[in-house]
Amino acid sequence: MGLDYKYTLNLPQTDFPMKANLTSKEEKILEWWESIDLYHYVLEQREGCPVFVLHDGPPYANGHIHIGTALNKILKDIVVKYKTMRGYRTPYVPGWDTHGLPIEHQVSLELGEKIKTMSPSDIRKKCEEFALKFVDVQREEFKRLGVRGDWNNPYITLKPEYEVKILEVFKALVEAGNVYRSTKPIYWCPRCRTALAEAEIEYKDHVSPSIYVKLKSVEEPDLFVVIWTTTPWTLPANVGIALHPDYPYSVVRVGKERWVVARQLLDAFFREVGVNSYEPVGELRGQDLEGKEFEHPLFEDRRSRVILADYVSMETGTGCVHIAPGHGEEDFVYGHLRYGLPVLSPVNEEGVFTEGAGKYKGMFIESANEIIVDDLRKKGLLVHASKVTHSYPHCWRCKGPVIFRATEQWFISVDKNDLRKRVLEEIEKVKWIPEWGKNRIRSMVEERPDWCISRQRVWGTPIPAVRCGECNEAILDARIIDHFLKFVEKEGADAWFERNLEELLPNDFRCPKCGSSRFEKMLDTLDVWIDSGSSFEYIVTREDHPFPLDMYLEGSDQHRGWFHSSIFLSVAKRGRAPYKEVLTHGFIKDELGRKMSKSLGNVVDPMEVVRKYGAEILRLWLASSDYFNDIKISMKIVEQQAEVYKKIRNTFRFLLGNLYDFDPERDKVPYDRLLPIDKWALGRLQEVIRLATEYYDSYEFSKVYNLIVKYCTVELSAVYLDVVKDRLYVEAKDSSYRRSAQTVLHEILLALMKILTPIMTFTMEEVYSHLHEKDRKYLTVQAEYWPEYREEFVDEKLLEDFERLLEVREDVLKALEEKRQQDVIGHSLDAEVILRPKNREIELLLEEYRDTLEELFIVSKVRIVEGDECEFKGNAVEVTVRHASGEKCQRCWKYSEEISWGDFPGVCPRCAAVLRGERR
RNA sequence: GGGCUCGUAGCUCAGUUGGUCAGAGCGCACGCCUGAUAAGCGUGAGGUCGGUGGUUCGAAUCCACCCGAGCCCA
């Protein structure tokens, strides 16, 4: 035939490439954002608009970002960008947490032995350098992910202006009287010689001695209580024996003695200690022995008193628990606080026994274990000794076992001034997403003990406390803090280490207890949770933000971490919660749902994903996941998103390509003149906008993702775009048929682009740059407004009709496939379709839309019959498929009986009219 | 050991108050097209809804227990 009408068609034209080349494209887009100062540009476009502040929780600056921090920052970015498009002014100031043990530890490893010759302020300088280096590293990595924020002006906890805020928050607590000095058993690492926070503890298996010891009653010399312990070295500090108040205890005769052991542990106990002949002779309750005294197993001049405690376990041991308030949290709470037993802790900071330990003085506690056991054996009080492997607290720094040791520390009283109660009230006012977050943080706040805030460490915010040189009183005074703050403003908190105490104290300062003016500087630093927990105070004053802040968004571990410290400090300083809404996400696991760890070799590096696939794919992966729970990642899972990305990208390419000649002002067709199929597509788009908005509002991004992916593949690619090709390509460029379709494609393009901007932030920027100039009001798509749901575009009846028409279409497609398998047809345009409606309703429907059926099914001819049965039985219609009669139009490929051979040979009447310029 | 959370096709997710709820997309298989072309279209095969009991006329959906995983504690 050789007749080529291709050049007469309006085929898509676009520079928008099919292949993304994300890695390099993203770099270019990042440069563009940099060049227009994206962050401030977008803020300027929302001048005077209501403000929405997502306050960034500061990551710890001691390494590269990992997949979890990437997840967190991308989620925040999606929220911020969505809110911007909804018309909010959305300042977003990233922050970093920079003080604390991990950095000090890493720096001390780098310095090695040299550290011993360095002054505290020299070590602090090294720590600062280290922290700022990783602030820079992480900043670049976060930016690379496409996160928009005030990167040139972040908040950093080591900066003087921030330290001032930490100390101001702290001062509020000091003034309110919530900070006190106390002896309390706390975790202590004898190797690092430091107090450890609960967060600095790791539980690992440890082999300990397991000994059963009997204590002799003072009143009845044949009566013994048997205790079990895995820390013999704590026995010198023993002052009590705890029994459960409710569970029954048996009195058992063993030889000439009577032993007290919990009834339900009797069998296990005697089996364990290898005693076969015993005889129960009585039973008692904990109350029966409450207050009774027993002889101390090691020191003859001391006694051990029975107390009751409901935490006593009936699972292991004897149900009688050795109490040493100086060496255990619960021992302290029950023994000291409830029963007033003394707190003994005759162990120095290196784990060596002191005076109070009598003959054991000078021994390292672990070496003393054996000797103590030996002494017990000699005294005939050792019932049994063996070894046990159990989970035991270890130091996160040196990995060695830690001990509980009573030391003098600064504490924040959680209950003074009803602080805890007020925090609990505030928790109720916050919106927790998901909802269970509220119960989680509530129970944590309800049960938490007082907050130990002092660290015997160099790298932190100094606690400006002094010790009286006369009476030895430790003094923390608001006046000292105020005076110190003047130095901090100018030179940072380093001043505490660098300046003389005379300068640091107000001139007339005297010891409130003895009036002395001789003081000694105390060098403890603050728990870093005070640093980060004070961030609300810094950001609110620096940016003049409305308080409370709108949202905090972190991993669910922060219910005990940052959300927790922030709300306590905020209630103390400002009387209310710092946030209105708290959104939490889960953790990232490998493809088998296991935790990521170096040892398992299943760690996915976010920057590796970025290098290999692009940040956009990482963002898309995140959007596809239900991040409220733990989510899985692996290169295979990421790869899947690369496929989805291509699909979405090609949809945009098609839309752009078919709008190359569409001027939105000139060519738009009014709604009432749109063809039915176009009206339907426009109506469906409204539904997509409505749902997407709903899902974004509830932060359910995976629902947005599923909605959009399905929309692009099913609704657009497989139906609407496929169907509308005929009109776009074949009809005259400026015809109403083509402009009608383009009008809707244009609406779809803009809406889809905007809906995806928070997630596919790079690609939508690229799409934006390919838009008609009249569609680009801003320099960046990020400043655009959210697509509007237009009710006037929703024709309910039409939408319902099309829902049924599409069911008919499914039947037709199945019938076509059957014939395709039989080689009757290839392309669907080869076919003529004969339909037999299953009922009157469908018959009327088909009649009504008679003129759109061929287009909708993409076939050459559709006939509707009543009588004869058809070959294919569908759900809505029966279908017979035949090869279309007539000849194939060389231009539009539809078969026609009236192919002309005049001016335009081989062409159907429609195409001939188009070519003659008669069809508009 | 305790508190909280999770467990639906190979993958990512839907499944409102228990009764067409066993679904979607991707991937896979087979085929079509060659005017979205390192694209596009069609058809199809995949799950006893972690397991076991129970409540109910009826449960992925309610209860109990168990298994597995995670976070936070001890």
Side-chain angles (χ1 to χ4, degrees), chain A residues 4-14 16 18-19 198-199 201 203 311 313 315-316 329-330 390-393 434 436-444 446-448 555-561 564 584-589 591-595 620-621 623-626 628-634 636-644 646-647 649-658 700 702-703 705-714 717-719 721-723 725-726 728-730 810 812-821 823 825-830 858 891-893:
Chain A
D4 187 9
Y5 289 98
K6 188 169 169 179
Y7 72 97
T8 70
L9 299 171
N10 314 300
L11 294 177
Q13 294 175 22
T14 179
F16 188 81
M18 177 179 289
K19 194 164 184 324
E198 290 161 30
I201 296 297
Y203 279 82
Y311 77 89
S313 162
E315 311 225 332
T316 51
E329 171 78 25
E330 284 160 331
H390 61 158
S391 177
Y392 189 84
W436 51 259
K438 184 197 278 189
N439 292 331
R440 191 170 154 92
I441 192 167
R442 193 204 288 124
S443 64
M444 287 170 175
E446 279 169 349
E447 279 158 39
R448 70 153 302 151
S556 59
D557 55 337
Q558 299 305 328
H559 285 116
R560 180 164 288 268
H564 192 109
T584 53
H585 59 252
F587 288 76
I588 301 183
K589 303 286 139 51
E591 69 230 285
L592 300 174
R594 297 172 308 179
K595 177 204 285 236
L620 198 57
W621 158 76
S624 80
S625 311
D626 175 23
F628 295 107
N629 290 310
D630 291 348
I631 58 181
K632 296 189 259 183
I633 193 171
S634 67
K636 183 189 155 203
I637 292 173
V638 170
E639 221 153 313
Q640 189 179 232
Q641 298 313 318
E643 293 302 313
V644 174
K646 285 183 200 165
K647 184 78 194 184
R649 186 179 178 87
N650 272 315
T651 303
F652 278 99
R653 187 173 127 92
F654 184 87
L655 292 169
L656 288 166
N658 284 290
E700 295 173 288
S702 73
K703 287 192 177 175
Y705 168 93
N706 277 299
L707 171 73
I708 296 302
V709 170
K710 197 178 164 193
Y711 180 63
C712 285
T713 57
V714 179
S717 194
V719 182
L721 300 185
D722 206 25
V723 154
K725 277 176 199 166
D726 176 81
L728 290 169
Y729 299 169
V730 174
E810 275 183 41
V812 171
L813 292 179
K814 285 193 176 76
L816 287 171
E817 182 64 20
E818 236 173 47
K819 291 293 169 186
R820 196 174 282 133
Q821 297 300 328
D823 271 340
I825 58 162
H827 195 287
S828 60
L829 281 177
D830 297 344
I858 319 183
R891 187 164 176 278
C892 73
W893 295 345

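Not measured: the values here are computed from a predicted model. Atom set for the values below is all heavy atoms of this structure, side chains included, hydrogens, waters and symmetry mates excluded. Letters go in sequence order (proteins before strands), and every chain restarts at 1.
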Side-chain heavy-atom pair A:I633, A:V638 within 4.5 angstrom cut-off: yes

Residue closer to the 5' end of RNA chain B, A:S556 versus A:F628 (nearest nucleotide): A:F628

d(NZ, A:K595; C1', B:G68) in whole Å: 15 Å

Under the side-chain hydrogen bond (donor to acceptor under 3.5 Å, both in side chains) test, residues paired with A:S443 that sit two or more places apart: none

Atom pair distance, as rounded to whole Å: CG in A:D630 and C1' in B:G70: 5 Å

A:R440 CZ to B:C71 P, straight-line distance once rounded to whole Å: 10 Å

Under the ring-ring contact (aromatic ring centres under 6.0 Å, His included) test, residues paired with A:F628 that sit two or more places apart: none

Partners passing salt bridge (charged side-chain N to carboxylate O under 4.0 Å, His left out) against A:D722 (at least two apart in sequence or in another chain): A:K725

Nearest-angstrom distance, C1' atom, B:C66 to B:C21: 27 Å

Side-chain touch A:Q558/A:T584, heavy atoms, less than 4.5 angstrom: no

Under the ring-ring contact (aromatic ring centres under 6.0 Å, His included) test, residues paired with A:H564 that sit two or more places apart: A:F568

Dot-bracket line, read 5' to 3' along RNA chain B, where crossing pairs take [ ] and | marks a partner on another strand, Watson-Crick or G-U under 3.5 Å: (((((((..((((.........)))).(((((.......))))).....(((((.......)))))))))))).

4.5 Å side-chain heavy-atom contact, A:F587 and A:D557: yes

B:C41 versus B:G27 - spacing of their P atoms, nearest Å: 11 Å

Euclidean distance for P, B:C11 against B:G19 (whole angstrom): 27 Å

Is there any protein nitrogen or oxygen under 3.5 Å from a nitrogen or oxygen in nucleotides 14-17 of chain B, and what are the pairs?
| from | atom 1 | to | atom 2 | distance (Å) |
| --- | --- | --- | --- | --- |
| B:G15 | OP1 | A:K703 | NZ | 2.9 |

Sugar-phosphate only, base, or nothing, as touched by A:G826 at under 4.0 Å among non-hydrogen atoms: sugar-phosphate

Distance in angstrom units between A:R442 CZ and B:C73 C1', rounded: 18 Å

Of A:L656, A:L655, A:N658, the residue whose pairing with A:T14 passes side chain to side chain contact (heavy atoms under 4.5 Å, CB included): A:L656

Close N or O pairs between protein and nucleotides 7-11 of chain B (under 3.5 Å):
| from | atom 1 | to | atom 2 | distance (Å) |
| --- | --- | --- | --- | --- |
| B:G10 | O2' | A:K636 | NZ | 3.3 |
| B:C11 | O2' | A:Q640 | NE2 | 3.1 |
| B:C11 | O2 | A:Q640 | OE1 | 2.8 |

Within-4.5 Å side-chain heavy-atom neighbours: A:Y711 and A:T651: no

Nearest-angstrom distance from the residue atom NE2 of A:H585 to P of B:C72: 12 Å

Which residues share a salt bridge (charged side-chain N to carboxylate O under 4.0 Å, His left out) with A:D830, sequence neighbours left out: none

Those residues that, when tested against A:E817, pass side-chain hydrogen bond (donor to acceptor under 3.5 Å, both in side chains) (two or more places apart): A:R820, A:Q821

Charged tip of A:R891 within 45° of A:Y729 ring normal and under 6.0 Å: no

Syn-anti status, with the boundary at 90° from 0, for the nucleotide B:G46: syn

Nearest-Å distance for atom pair OH/P, residues A:Y705 and B:C13: 9 Å

Nearest listed nucleotide, side chain of A:D557, among B:C72, B:U12, B:G70: B:C72

Contact pattern, 5' to 3', of nucleotides 35-42 of chain B - B, S or - by protein heavy atom under 4.0 Å: BBSSSSSB

Which residues share a side-chain hydrogen bond (donor to acceptor under 3.5 Å, both in side chains) with A:E818, sequence neighbours left out: none

Same-atom distance (P) from B:C26 to B:U43, integer angstrom: 12 Å

Span that lies between the P atom of B:C49 and that of B:G53, in whole angstrom: 13 Å

Between B:U8 and B:G51 - C1' atom distance, rounded Å: 15 Å

Partners passing salt bridge (charged side-chain N to carboxylate O under 4.0 Å, His left out) against A:K595 (at least two apart in sequence or in another chain): none

Distance, P atom - from B:A14 to B:G54, rounded to whole angstrom: 31 Å

For atom NE2 of A:H564 and atom P of B:C4, their distance in whole Å: 17 Å

Nearest-Å distance for atom pair NZ/P, residues A:K819 and B:U43: 17 Å

Separation between the P atoms of B:G50 and B:C32, rounded to whole Å: 40 Å

Any side-chain donor near an acceptor of the partner, A:S556 and A:R440, under 3.5 Å: no

